[in-house]
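Written below as structure tokens is the structure these notes are about.
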Amino acid sequence: MPVTDFSLAGKVAIVTGGSRGIGRSIAIGLAEAGADVALAARKPEALAEAAGAVEATGRRALAVPTNVRRLDELRGLVERTQNELGRVDILVNNAGTNPVYGPIQDVDEGAFDLVMNTNVRAVHSLSNFAREAMLAHGEGGSIVNVSSVGGYLASDVIGAYSVSKAALIMLTQVQAKTWGSDGIRVNCIAPGLIKTEFARALWDDERTLEAATRDSALHRIGEPDEMAGAVVYLASRAASFVTGQTLVLDGGRRL
Ligand SMILES: NC(=O)c1ccc[n+]([C@@H]2O[C@H](COP(=O)([O-])OP(=O)(O)OC[C@H]3O[C@@H](n4cnc5c(N)ncnc54)[C@H](OP(=O)(O)O)[C@@H]3O)[C@@H](O)[C@H]2O)c1
């Protein structure tokens, strides 16, 4: 056995929000490392395109239209992955949302629930289903949650999102502590500003882009493909003694 083993050959991964942006890059990265990948998101067309990109690496892909806010669809995602790809070894909880912009007192109950149900509750539920699938084959597994630097920095304009991403950092620690004895490691990444549709309002705004560029050690914002390597590492045997951790991928913005 090599001292450093980043291979995911023979593994099966699920990536939520795998149809575009960071999740699409992560799905391709996991496939490049040898995993077959089930991709979940709501819109089937983008999902099919991303599944094609995974298959282009030579690995199997399964596109499963899923709204992560629906419990039955999360259960179905794990079941279809088991039935059609054979097992579940890796789960990347990447789907996330932020429908509101403004001070926290203006976030109504519906919007608050939407953010928390998508960014936190869905991760809780899907991780529970994936854990059952990992226990079924008895070889353990690895879960990677996608938080944000917003989980560390209080925002006065996307406050509910900050609250949800902070919760995800602690959910990661709680899952890791509880499931270590199951052979399941749980870690988290916290991206900074990354050039995706989700963050367009930020990087499209000259002043925000200028501040993000000036304040980061690398003097630029990130690309979605730059998130995948950390997830491959955390999912692989190379990270076999790492659990409960959050890796900040922000080009040194918080230094
Ligand atoms: N971009 C950044 O600067 C940044 C920074 C820090 C953290 N993040 C986090 O990174 C993750 C990915 O963000 P991104 O920038 O790649 O966003 P994106 O390009 O908008 O992609 C979001 C993905 O999530 C899916 N999705 C959204 N709501 C969903 C739902 N209810 N059920 C199932 N899938 C859903 C989307 O597909 P459908 O719309 O078809 O469902 C899409 O595949 C999020 O958790 C985000 O909070 C992003």
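Counting convention: from 1, in listed order, for ligands and their atoms alike. Keep in mind that this is a model prediction, so the values were computed, not measured.
Nearest heavy-atom pair across Met134 and Val88 is CG-O, 3.4 Å. For the pair Ala238 and Tyr233, the tightest heavy-atom approach, listed with the atom from each and the gap, is O-CE1, 3.7 Å. The heavy-atom pair separating Gly159 from Ile104 by the smallest distance is C-CD1, 3.8 Å.
Contacts with ligand 1 closer than 4.0 Å are made by heavy atoms of both the backbone and the side chain of Val68. Contact annotation: for Leu47 versus ligand 1, there are no heavy atoms closer than 4.0 Å.
The nearest non-hydrogen atom to atom 6 (C) of ligand 1, considering only Pro191, Pro224, Ala212, comes from Pro191. Closest to atom 45 (O) of ligand 1 by heavy atom, among Val146, Asn67, Asn94, is Asn94.
A heavy-atom separation below 4.0 Å is not found between Trp203 and ligand 1. At least one heavy atom of Lys165 sits under 4.0 Å from some atom of ligand 1. Heavy-atom separations between Thr16 and ligand 1 are all 4.0 Å or longer. Distances from ligand 1 to the non-hydrogen atoms of Ala50 include no value under 4.0 Å. Ligand 1 has Gly192 within reach: a non-hydrogen atom of the residue lies less than 4.0 Å from it.
In terms of protein heavy-atom proximity, atom 16 (O) of ligand 1 is nearest to Ile22 N, 2.8 Å. Of the protein's non-hydrogen atoms, Gly17 CA, 3.3 Å is the one closest to atom 24 (O) of ligand 1. The closest protein non-hydrogen atom to atom 33 (C) of ligand 1 is Thr66 O, 3.1 Å. Looking only at heavy atoms of the protein, atom 7 (C) of ligand 1 is closest to Ser147 O, 3.2 Å. Atom 29 (C) of ligand 1 has as its closest protein heavy atom Arg42 NE, 3.5 Å. Nearest protein heavy-atom neighbour of atom 39 (O) of ligand 1: Lys43 NZ, 2.8 Å. For atom 22 (C) of ligand 1, the closest heavy atom belonging to the protein is Arg20 NH2, 4.0 Å. Ranking protein heavy atoms by distance to atom 17 (O) of ligand 1, first place goes to Phe198 CB, 3.0 Å.
Ile14 pairs in a side-chain contact (heavy atoms from CB on, under 4.5 Å) with only one of the listed residues (Ile90, Leu85, Asn93, Val78), which is Val78. Arg69 pairs in a side chain to side chain donor-acceptor pair (under 3.5 Å) with only one of the listed residues (Asn117, Thr118, Asp113, Thr97), which is Thr118.
By the 4.5 Å heavy-atom criterion applied to side chains, Lys177 and Val174 are not counted as neighbours. A 4.5 Å side-chain heavy-atom check between Thr208 and Trp203 finds every atom pair outside the cut-off. The side-chain heavy atoms of Asp250 and Ser216, taken from C-beta on, include no pair separated by under 4.5 Å.
When only interatomic distances are considered, the shortest N/O to N/O separation between Leu193 and ligand 1 does not fall below 3.5 Å. Remark: ligand 1 and Thr97 share no N or O pair separated by less than 3.5 Å (distance only, no angle test). Between Ser19 and ligand 1, at least one N/O pair is under 3.5 Å apart.
Defined by atom type and a distance below 3.5 Å, a donor-acceptor pair is present between the side-chain atoms of Thr172 and Asn145. Side-chain contact of Gln175 with Ser127: a donor-acceptor pair under 3.5 Å is present, judged by distance alone. Inspection of the Thr213 and Arg220 side chains reveals no N or O donor paired with an N or O acceptor under 3.5 Å. Looking only at atom types and distance, the side chain of Asp225 has a donor-acceptor partner in the side chain of Ser25 under 3.5 Å away.
Listed by atom number, the atoms of ligand 1 under 4.0 Å from Gly96 heavy atoms are 27 (C), 44 (C), 45 (O). For ligand 1, the atoms closer than 4.0 angstrom to any heavy atom of Ala199 are 1 (N), 2 (C), 3 (O). If you number the atoms of ligand 1 from 1 as listed, the ones under 4.0 Å from a heavy atom of Tyr161 come out as 6 (C), 7 (C), 8 (N), 9 (C), 46 (C), 47 (O). Atoms of ligand 1 lying under 4.0 Å from any heavy atom of Arg69, numbered from 1 in the order shown and given with element: 31 (N).
Rounding to the nearest 0.5 angstrom, the gap separating the NE2 atom in His137 from the CG atom in Leu135 is 8.5 Å.
We find that Glu32 and Arg59 are not joined by a salt bridge, their nearest charged nitrogen and carboxylate oxygen being 4.0 Å or further apart.
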